[in-house]
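Step one of this worksheet: look at the structure below.
In this chain, residues are counted from 1 in sequence order. All ligand and atom numbering here is 1-based and tracks the order in the structure.
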Amino acid sequence: MDKLSYTSEGRTSAWSTYLQQIDRVTSYLGNLSRWIDTLRHPKRTLIVDIPLQMDNGTIRHFEGYRVQHNLSRGPGKGGIRYHPRVDLNEVMALSAWMTIKCAAVNLPYGGAKGGIRVDPFKLSEGELERLTRRYTSEIGIIIGPQKDIPAPDVGTNSKVMAWIMDTYSMNLGNTVTGVVTGKPIHLGGSLGREKATGRGVFITGCEVASRENINIKNARIAIQGFGNVGSEVARLFETAGGKVVVIQDHTATLYNNKGINISELVKWQNKNKNILGFPEADPIDKEAFWETQMDILIPAALEGQITKERAEIISCKLVLEGANGPTYPDADDVLATRGITVVPDVICNAGGVTVSYFEWVQDMASFFWSEDEINKRSDKIMIDAMSHVWKKSKEKKCSLRTAAYIVACERILMARKDRGIYPG
Ligand code: GLU
């Protein structure tokens, strides 16, 4: 790999970030490192063409993907992203992070991810439905409740999951609720799923904050992204006495030294689709987000946000990665040198896939749990996983990211080794 492609000046691709993270863990894996190359190669990659008849009668073509990165520990699991910047490189990285994430919290899944290069906000509801249904038919040859189970990600939601479930079921001739998670509750969805990722970020954040003597009460919090994850994590920190002083989305950066009123901002966003123009905070420059005085930083948008340069100026004590892949490896090094703790994505945002797992189990059993039971079980999984990774990082004297990768890679490569290579 070209050294230059590792720098964070807009050149590092998501996949090369992932490869560097794998390079960093290899020396900790002993004899299992013999199998590490398995994680450098996605198992199965599907690129599909999606022709779409637009409302005005014209035909447009969109490119879609489904990548199954590793299936050693179980069926593939991972979301579907609709975003104008989706490409194969990104989907490969996102699928690999799912492999690591599922193993780090010990869910019986491999890792997968899908996506379409499209701006969903520029399509009508009918166009979005036709696009989703054709994409589902195209990837239908590799997904299934025992093969690979999609879920929501950036730009998709429970409505899109309902169309996926219906299309897959129509093609098969019977209703298969377990083919996808993140569905509406009345179609086999799980209580607690929508808020699960934000909740997990909060739970793991509190675990680490208490170990590092960081007081949540009055902590100054910065959040990038105010979607499904960012808004819930903001609400939970506000309830716990934290002050969310700055929030950024793709339309605006808002600052209020006294703390932004989250329920008012949620109301504003529901009405206006974004945070732009919210009257109870001051709009500030985009780059000033990173310079704000803060105790806890929560990137909850897209990958590749914390560059080396931004890592040098950030003032926080703790980074909670609500997004997948927000931090470049050279930025990780700067943060470590500056004594800033990073709770890595593969643990921090695993609450979503954990409740997806519960949804899948409930669909299989056709027996549904209460929200209280779901929250209790997912909190326990998150806290246990976090404690395990914390101990590993102390034992190996490494970052929480490397510790999470050690725990995950040992589980994946052990499975790989014991299954062996077919044919021998
Ligand atoms: N897209 C989410 C993630 O990145 C959830 C995946 C899932 O529930 O399968 O973890």
Side-chain angles (χ1 to χ4, degrees), residues 14 18 65-71 73-83 86 90-116 139 143-158 160-161 164-165 177-184 188-201 203-204 225 227-230 232-233 299-303 320-326 343-363 374 378 381-382 385 404 408:
Y18 164 74
Y65 310 88
R66 186 74 188 171
V67 177
Q68 294 170 348
H69 173 260
N70 186 279
L71 305 178
R73 303 180 68 255
K77 188 84 194 81
I80 289 175
R81 180 171 293 196
Y82 289 178
H83 190 273
V86 164
E90 184 190 46
V91 180
M92 276 165 55
L94 291 166
S95 70
W97 286 323
M98 288 309 302
T99 301
I100 304 292
K101 192 186 300 184
C102 292
V105 288
N106 214 1
L107 305 179
Y109 290 133
K113 201 88 176 195
I116 305 177
I139 65 165
I143 63 167
Q146 306 297 344
K147 297 203 236 173
D148 177 3
I149 307 116
D153 195 75
V154 175
T156 58
N157 54 24
S158 58
V160 173
M161 299 306 120
I164 294 177
M165 189 277 267
T177 52
V179 67
V180 66
T181 61
K183 301 179 294 295
S190 177
L191 294 167
R193 173 62 187 86
E194 201 137 314
K195 294 178 170 176
T197 311
R199 185 181 174 93
V201 172
I203 295 282
T204 51
N228 171 269
V229 183
E232 177 61 10
V233 82
L302 295 173
E303 61 272 13
L320 307 179
E321 292 188 338
N324 291 312
V343 184
D345 48 4
V346 292
I347 287 285
C348 194
N349 71 36
V353 70
T354 299
V355 177
S356 273
Y357 166 53
F358 296 163
E359 180 172 333
W360 180 76
V361 168
Q362 292 170 87
D363 287 342
I374 283 157
S378 65
I381 288 183
M382 296 300 287

Q: Would you mind listing which atoms of ligand 1 come within a distance below 4.0 Å of any non-hydrogen atom of Gly78?
A: 9 (O)
Q: Indicate yes or no for a side-chain donor-acceptor contact from Trp360 to the backbone of Pro145 under 3.5 Å, with no hydrogens or angles considered.
A: yes
Q: Say whether Lys101 and Asn324, considering side chains only, have a donor N or O and an acceptor N or O under 3.5 Å apart.
A: yes
**Q.** Lys113 with Glu90: basic N within carboxylate O range, under 4.0 Å
**A.** no
**Q.** Per-atom contacts, ligand 1 versus Met98 - under 4.0 Å to a heavy atom
**A.** 3 (C), 4 (O), 6 (C), 10 (O)
Q | Salt bridge present between Lys77 and Asp148 (N-O < 4.0 angstrom) | A | no
Q. Within the distance-only criterion (no hydrogens, no angle test), does the side chain of Thr156 pair as donor or acceptor with the backbone N or O of Ile80 below 3.5 angstrom?
A. yes
Q.
Regarding ligand 1, does Asn324 bring an N or O atom to under 3.5 Å of one of the ligand's N or O atoms?
A. yes
(Q) Suppose we measure from atom 7 (C) of ligand 1 to each protein heavy atom; which comes out shortest, and what is that distance? (A) Ala151 CB, 3.3 Å
Q. Looking at CE of Met92 and OH of Tyr65, how far apart are the two atoms once the value is rounded to the nearest 0.5 Å?
A. 11.5 Å
**Q.** Pairing of Lys183 and Glu359 as salt bridge, 4.0 angstrom limit
**A.** yes
Q. What residue and atom, counting heavy atoms only, is the protein's closest point to atom 9 (O) of ligand 1, and at what distance?
A. Lys77 NZ, 2.8 Å
(Q) Just to check, does Pro152 reach to within less than 4.0 Å of ligand 1 when the distance is taken from its heavy atoms? (A) yes
(Q) Could you identify the single nearest non-hydrogen protein atom to atom 10 (O) of ligand 1 and state the distance to 0.1 Å? (A) Lys101 NZ, 2.6 Å
Q) Short list, please: which atoms of ligand 1 are under 4.0 Å from a heavy atom of Lys113? A) 1 (N), 3 (C), 4 (O)
Q) Considering only the protein, which heavy-atom contact is closest to atom 5 (C) of ligand 1, and what is its distance? A) Arg193 NH2, 3.5 Å
Q.
Suppose we measure from atom 8 (O) of ligand 1 to each protein heavy atom; which comes out shortest, and what is that distance?
A. Ser356 OG, 2.6 Å
Q. Say you draw a straight line from CD1 of Ile374 to OG1 of Thr354; how long is it, rounded to the nearest 0.5 Å?
A. 12.0 Å
Q: Determine whether any heavy atom of Arg81 lies closer than 4.0 Å to an atom of ligand 1.
A: no
